[in-house]
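Ligands are counted one by one from 1 in listed order, and the atoms in each one are counted from 1 as well. The model shown is predicted, which means the values in this text are computed figures rather than measured ones.
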Amino acid sequence: MSKQHQNNEVKAKKFLGQHFLEDETIAEKIANSLSLKNYKNLLEIGPGMGVLTKYLLKKPVTTYVIEIDRESVAYLKNNYLNLAPRILEKDFLKYNLKDTFKEDAFAIIGNFPYNISTQIVFKTLEWRHQIPEFSGMFQKEVAQRICSKEGSKVYGILSVLTQAFYEAEYLFTVPPTVFNPPPKVESGVLRLVRKENDRLPCDEKLFFRVVKTAFQQRRKTLRNSLKIFNLSVNLKANVIFEKRPEQLSVSQFIKLTSLIENDAVNE
Ligand code: SAH
């Protein structure tokens, strides 16, 4: 083990989800997963010691990185001089992305801190009008969940909400052994490409509420789990309400939302 590796091991902070990738081939493969279409800016979340950043800097886009850990930021400033003005020492979840990107489009990439995976995805969905592409590594289970289709055991809130706006593709699996320190789980790399139309033909807030409410009781039929929406007897007679949430495709969830929306209007 080299000195650099030993240093990383000592420095890695568990509460920040720090697992440094040590396999250069995988870092390059993640960087190459970007299509580079429809944006000129790139934001890497959690660059750590810059193993992925190095390959991103070779791309014909402007790379920014956002890193919460002061020691990693100091390391990056010393080792990537050209990047220094574009290092944001911030918490991605709290950062107002307009402060850097204004109204411009940017892609997101990273070997993400796994302890905040879901929040990273939800923030991306909130900002989707400016984020045409999203690529990177999560714990395998989360990556699979995001990309899974109806009928699958892991299909849930994250799958439906993400795929309402993005085409999701699971790219490849990465074993724990290529990280320092190794995580307890396998990792998975995915890519999200925003759909041409990132607005829904139904009330978007209601769509989020319907999906979340339905999956909160995933074993129940929609007739039971969606009771709080006060549906009319007429609407509840629709066969769609006999289904369970995991049986509904994204477009069926959109249709369901429209039905509920119009039901409320008619009452
Ligand atoms: N990309 C590096 C490090 C991955 S570990 C590599 O592949 O080796 C995840 C990184 O995310 C750590 O450097 C950690 O400090 C950083 N991080 C954790 N929470 C963060 C947050 N809320 N905002 C920005 N960075 C964060």
Item checked: Lys NZ or Arg CZ of K195 over F165 ring: under 6.0 Å, within 45° -> no

Next item on the list: Please identify each residue that fulfils ring-ring contact (aromatic ring centres under 6.0 Å, His included) with F112, with sequence neighbours left out.
Entry: F134, F138

Check: Is it the case that N32 and K59 place a side-chain donor and acceptor less than 3.5 Å from each other?
Finding: yes

Note to self: For the residue pair Y39 / Q130, report whether a side-chain donor-acceptor contact shorter than 3.5 Å exists.
What the structure shows: no

Checklist line | ligand 1: protein residues within heavy-atom distance under 4.0 Å | finding: L16, G17, Q18, H19, F20, L21, E44, G46, P47, G48, V51, I66, E67, I68, D69, K90, D91, F92, N111, P113, I116

Check: How are the rings of H19 and F179 set to each other: parallel, tilted or perpendicular (split at 30° and 60°)?
Finding: perpendicular

Note to self: Pairing donors with acceptors under 3.5 angstrom, does anything connect the side chains of Y170 and S148?
What the structure shows: no

